Visitor: 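The structure follows.
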Amino acid sequence: MSIVDRLEDSICQALKDAAFQAREAGELDFEQLPDFVLEVPRDKSHGDYASNLAMLMAKEARKPPRLIAELLVKHFRREGNWVAEVEIAGPGFINFRLDPGWLYQALPLAEEQDTAYGRSNAGQGRKVQVEFVSANPTGLLHMGNARGAALGDTIANLLDAAGFYVEKEYYINDAGNQIENFGKSLEARYLQQFDQDVPFPEDGYHGEDIIDTVKNIIKRDGDKYLNMDSSLRREFLVKYALEEKLAHIKGVLERFGVNYDVWFSEQSLHDSGAVEAAIRELDANGYVYEKDGALWLKGEELGLEKDEVLVRNNGLPTYYAADIAYHRNKLERGFTWMINLWGADHHSHVARMKAALKALGYDPEQLTVVVMQLVRLFSGGEIVRMSKRTGQYITLSDLMDEVGKDAARYFFVMRSHDSHLDFDLDLAKEESGENPVYYVQYAHARICSILRQAQEEGISTKEASRCNLALLTHPSELELLRKIADFPVLVREAALALEPHRLTRYAGELAGLFHNFYTHCRVLNSEPELRDARLSLVNGVRITLRNLLTLIGVTAPERM
RNA sequence: GCGCCUGUAGCUCAGCUGGAUAGAGCAACGGACUUCUAAUCCGUAGGCCGCAGGUUCGAAUCCUGCCAGGCGUGCCA
């Protein structure tokens, strides 16, 4: 448990005890304590913590909030919770001022836990799966996929740090219509390479990349597929192209710092009969009927807007049916929490997926879909136009060439997932503090520089617990300590909320506090005792920054 | 039409389960380098929190209606 949690728990407990004691003394009347909060006030003059308990009790106790606050304060016990002062303010807030001593505990803790600082056991080993990107293996990764990759990977990192057992998975859509389509497109490009005048399929894949793919095929196998039955030819072409595309996607994601535990093939669900089995189970549960030669799911009965097709009248199961089988498979593998990252264009699928889980007898709450809004690229203040029709777009690979992995990952995580993301290419390339990534990385590099020089000057680093940390009294030092102490709470809460953007926000704040400290406090030229305490502080910031950047998938450079 | 998301400073966005006087970064303006990396720091200015009601001690936050933008509303995925 983090020192912040411990502190907050003990103050809350003392508040509750105070209320019960007041009741015992016959001064206060209530049945049950309301759900009150203990929070950090915006305004520092309101102390380190404030509680609204007295105001919430006013109605039931039929006493003015300020009077209740007085009673609570009278019975409030300060032992063991670092509370130095208690005061009543405003409409009935109880404000607490703490002995700064509690903050100093953060440094020995961070130092001792080192790379584990920030981790917790909130998840208690619960088995969770994060499925993300899952782009069709028929093309290249675009900006939407890139955002999904950065967000998904960071969410997985967060959950891992919060004590969950996490597996990352990529669902390969290697079946169904789009593969059919892919085959037609490949075939057309293939034949075109031999100067045959074949029309390109209307809904085909226009990307230039598949022209390269067929060229590679020709390089390897020549005209082997030229005089061949069309369906057989497509089968060969698709098989080759899927392998190539998938290998490419894997490579790009690896370069982006994303490594999956499982690559799951949709086709395998068809081959194993899992799709059929899922439909049978839905049927057994009474949610399936036949109409117009197709099999339908009784969506309306499950709260959907309309019924949905599971198997088309041509006998082929829909993507939906396969997805139902897929999620059933996930649950059968023992995951009790499934997290999917989907683009906003798939949001209507969320309700359908949850309805299906319900129909299978599972709790829909076991699935959380993080829906991401669209990404717009900006360059020179102008939107970079992308065309799906012509296949002209900036890929994740291009983006990394342009701005680097660190900036790309940081920028994608910076915004809340349900907010549109304007990605400023110029800013991401900028090597200055205007670029939020550099700003944070620079703080880390500066710290490393100080520690390096200390070492060069032969200053031996002392353990935090052996330093006189009470010498750290400058406001910028206290704020830094407070921020470091908060880190484990931040990680836990960002994980449970599935909100990685809290990390980048915190990163900017922590780096800012450090830069401020840096200009106001000297480390190496201070008196030895103070110097050692500050070295310890700076080291605590280093550990926190490094762990933080690691969660985001961004490097923490020692020099810049 | 219906469903989901969004609307907060000039721009890009935070604001956790409702809490005290609404925040950050950038842009603007004014300052700070003999001293551990100026890729930095400090200060100033900037707001009917889309609009209108409601809930209550208290609303950017919850509810309802409206306005604006995005996405969706296939036997596509």
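These figures come from a predicted structure and were not determined experimentally. Within every chain, numbering begins at 1; the chains are lettered A, B, ... in the order of the sequence lines, protein sequences first and strands thereafter.
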Visitor: Pairs under 3.5 angstrom only: tabulate donor-acceptor contacts from the side chains of residues 522-533 of chain A to other protein residues two or more places apart or in another chain.
Guide:
unit_1: A:S526; atom_1: OG; unit_2: A:R522; atom_2: O; d: 2.7
unit_1: A:S526; atom_1: OG; unit_2: A:R534; atom_2: NH1; d: 3.3
unit_1: A:E529; atom_1: OE2; unit_2: A:N468; atom_2: ND2; d: 3.1

Visitor: Checking A:E558 now: which residues fulfil salt bridge (Lys or Arg N to Asp or Glu O under 4.0 Å) with it, not counting sequence neighbours?
Guide: none
Visitor: With a 6.0 Å cut-off on the ring centroids, do A:Y320 and A:H349 count as close?
Guide: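 For A:Y320 and A:H349, the ring centres are under 6.0 Å apart.
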Visitor: Report the residues that fulfil side-chain hydrogen bond (donor to acceptor under 3.5 Å, both in side chains) with A:Y287, sequence neighbours left out, ordered by chain and then residue number.
Guide: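 Result, side-chain hydrogen bond (donor to acceptor under 3.5 Å, both in side chains) vs A:Y287: none returned.
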Visitor: Looking for any heavy atom pair under 4.0 Å, which part of the strands does A:L56 touch: base, sugar-phosphate only, or nothing?
Guide: base
Visitor: Would you mind writing out the side-chain donor-acceptor pairs for residues 406-414 of chain A within the sub-3.5 Å range, not counting sequence neighbours?
Guide:
unit_1: A:D406; atom_1: OD1; unit_2: A:T555; atom_2: N; d: 3.1
unit_1: A:D406; atom_1: OD2; unit_2: A:Q441; atom_2: NE2; d: 3.0
unit_1: A:D406; atom_1: OD2; unit_2: A:T555; atom_2: OG1; d: 2.4
unit_1: A:R409; atom_1: NE; unit_2: A:I552; atom_2: O; d: 3.0
unit_1: A:R409; atom_1: NH1; unit_2: A:D153; atom_2: OD2; d: 3.1
unit_1: A:R409; atom_1: NH1; unit_2: A:F256; atom_2: O; d: 2.9
unit_1: A:R409; atom_1: NH1; unit_2: A:G257; atom_2: O; d: 3.4
unit_1: A:R409; atom_1: NH2; unit_2: A:D153; atom_2: OD2; d: 2.8
unit_1: A:R409; atom_1: NH2; unit_2: A:I552; atom_2: O; d: 3.3
unit_1: A:Y410; atom_1: OH; unit_2: A:T504; atom_2: O; d: 3.2

Visitor: Please enumerate all protein N or O atoms sitting under 3.5 Å from an N or O of nucleotides 9-14 of chain B, with distances to 0.1 Å.
Guide:
unit_1: B:U12; atom_1: O2'; unit_2: A:R415; atom_2: NE; d: 3.4
unit_1: B:U12; atom_1: O2'; unit_2: A:R415; atom_2: NH2; d: 2.7
unit_1: B:C13; atom_1: OP1; unit_2: A:H420; atom_2: O; d: 2.8
unit_1: B:C13; atom_1: O2'; unit_2: A:R415; atom_2: NH1; d: 3.2
unit_1: B:A14; atom_1: OP1; unit_2: A:S416; atom_2: N; d: 3.0
unit_1: B:A14; atom_1: O4'; unit_2: A:R505; atom_2: NH2; d: 3.1
unit_1: B:A14; atom_1: O2'; unit_2: A:R505; atom_2: NE; d: 2.6

Visitor: Heavy atoms only, 4.0 Å cut-off, all strands: where does A:Y518 land among base, sugar-phosphate and nothing?
Guide: base
Visitor: Mind checking A:N95 for me? I need base, sugar-phosphate or nothing, with any heavy atom below 4.0 Å counting as a touch.
Guide: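 If one applies the 4.0 Å heavy-atom cut-off, A:N95 turns out to touch a base.
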Visitor: Please name all residues satisfying ring pair (Phe, Tyr, Trp, His ring centres under 6.0 Å) with A:H270, sequence neighbours left out, ordered by chain then number.
Guide: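 A:H270: no ring pair (Phe, Tyr, Trp, His ring centres under 6.0 Å) contacts found.
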Visitor: Quote, to the nearest angstrom, the C1' distance that separates B:U6 from B:C13.
Guide: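 About 12 Å, rounded to a whole number of Å.
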Visitor: Do the side chains of A:K330 and A:L367 get nearer than 4.5 Å, heavy atoms only?
Guide: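 The answer is no; the side chains never approach within 4.5 Å.
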Visitor: Looking at every strand, decide which applies to A:A50 at a 4.0 Å heavy-atom threshold: base, sugar-phosphate, or nothing.
Guide: base
Visitor: If you take all heavy atoms of A:L246 and A:P137, which pair is closest and at what distance?
Guide: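 For A:L246 versus A:P137, the nearest heavy atoms are CD1-CB, 3.8 Å.
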Visitor: Sequence neighbours excluded, which residues qualify as side-chain hydrogen bond (donor to acceptor under 3.5 Å, both in side chains) partners of A:K245?
Guide: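 A:K245: side-chain hydrogen bond (donor to acceptor under 3.5 Å, both in side chains) contacts with A:D209, A:T213.
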Visitor: Give A:D292 one of three labels, base, sugar-phosphate or nothing, depending on what nucleic acid heavy atoms sit under 4.0 Å from its own.
Guide: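 Base, at least one base heavy atom under 4.0 Å.
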Visitor: In terms of side-chain heavy atoms, does A:Y49 have a donor or acceptor partner in A:E8 at a distance below 3.5 Å?
Guide: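 Side-chain D/A pair, A:Y49 to A:E8: present.
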Visitor: Compare side-chain N and O positions of A:R534 against OP1 and OP2 of B:C36 and report whether any pair is under 4.0 Å apart.
Guide: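 A:R534 to B:C36 OP1/OP2: no side-chain N or O under 4.0 Å.
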Visitor: Show me the dot-bracket string of RNA chain B, counting Watson-Crick or G-U pairs under 3.5 Å, with | for pairs to another strand and [ ] for crossing ones.
Guide: (((((((..((((.....[...)))).(((((.......))))).....(((((..]....))))))))))))....
Visitor: Would you classify A:A344 as touching base, sugar-phosphate or nothing, given that sugar-phosphate means primed atoms plus P, OP1 and OP2, and contacts are heavy atoms under 4.0 Å?
Guide: sugar-phosphate
Visitor: Nucleotides 26-34 of chain B: which of its N/O atoms have a protein N/O under 3.5 Å away?
Guide:
unit_1: B:A27; atom_1: OP1; unit_2: A:E434; atom_2: OE2; d: 3.2

Visitor: If you look at every heavy atom in A:V440 and A:A511, which pair is closest and at what distance?
Guide: CA-CB, 3.8 Å
Visitor: Do any pairs count as a salt bridge (Lys or Arg N to Asp or Glu O under 4.0 Å) and have a residue in residues 40-50 of chain A, sequence neighbours left out, and if so which ones?
Guide: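 Of all non-adjacent pairs touching residues 40-50 of chain A, those that pass salt bridge (Lys or Arg N to Asp or Glu O under 4.0 Å) are A:K44-A:E479.
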Visitor: Name the residue from A:V369, A:T368, A:L357 that meets the side-chain contact (heavy atoms from CB on, under 4.5 Å) definition with A:M338.
Guide: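 Option passing the side-chain contact (heavy atoms from CB on, under 4.5 Å) with A:M338: A:L357.
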Visitor: Categorize A:A454 for me: base, sugar-phosphate, or nothing, with a 4.0 angstrom heavy-atom threshold over every strand shown.
Guide: nothing
Visitor: Classify the nucleic acid contact of A:D43 as base, sugar-phosphate or nothing, counting any heavy atom under 4.0 Å across all strands shown.
Guide: base
Visitor: When the distance from CD1 of A:I179 to P of B:A77 is rounded to whole Å, what number comes out?
Guide: 11 Å
Visitor: Name the residue closer to the 5' end of RNA chain B, choosing between A:Y439 and A:A175 according to the nucleotide with the nearest heavy atom.
Guide: A:Y439
Visitor: Would you classify A:S348 as touching base, sugar-phosphate or nothing, given that sugar-phosphate means primed atoms plus P, OP1 and OP2, and contacts are heavy atoms under 4.0 Å?
Guide: sugar-phosphate
Visitor: Look at all strands and tell whether A:H520 reaches a base, only sugar-phosphate, or nothing, counting heavy atoms closer than 4.0 Å.
Guide: sugar-phosphate
Visitor: Heavy-atom nearest nucleotide on RNA chain B for A:R312 versus A:V523: which residue maps closer to 5'?
Guide: A:V523
Visitor: Restricting to salt bridge (Lys or Arg N to Asp or Glu O under 4.0 Å), what partner residues turn up for A:K291, sequence neighbours left out?
Guide: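 Expected list: none.
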Visitor: Can you tell me how far C1' in B:G23 sits from the matching atom in B:A60, rounded to whole Å?
Guide: 12 Å
Visitor: When all nucleic acid strands are considered with a 4.0 Å heavy-atom cut-off, which category describes A:C521: base, sugar-phosphate, or nothing?
Guide: base
Visitor: Produce the list of close N/O pairs, under 3.5 Å, pairing protein atoms with atoms of nucleotides 59-61 of chain B; give distances to one decimal.
Guide:
none

Visitor: Across the strands shown, which category fits A:N516 at heavy-atom distances under 4.0 angstrom: base, sugar-phosphate, nothing?
Guide: sugar-phosphate
Visitor: Can you tell me how far P of B:C5 sits from NE2 of A:H346, to the nearest Å?
Guide: 18 Å
Visitor: If you look at every strand shown and take non-hydrogen atoms under 4.0 Å, does A:N177 touch a base, only sugar-phosphate, or nothing?
Guide: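 Counting heavy atoms under 4.0 Å across all strands, the contact made by A:N177 is with sugar-phosphate only.
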Visitor: Heavy-atom count around A:N314 CG within 6.0 Å, excluding the residue itself: above 12?
Guide: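 For A:N314, atom CG is crowded (more than 12 foreign heavy atoms under 6.0 Å).
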Visitor: Categorize A:Q441 for me: base, sugar-phosphate, or nothing, with a 4.0 angstrom heavy-atom threshold over every strand shown.
Guide: nothing
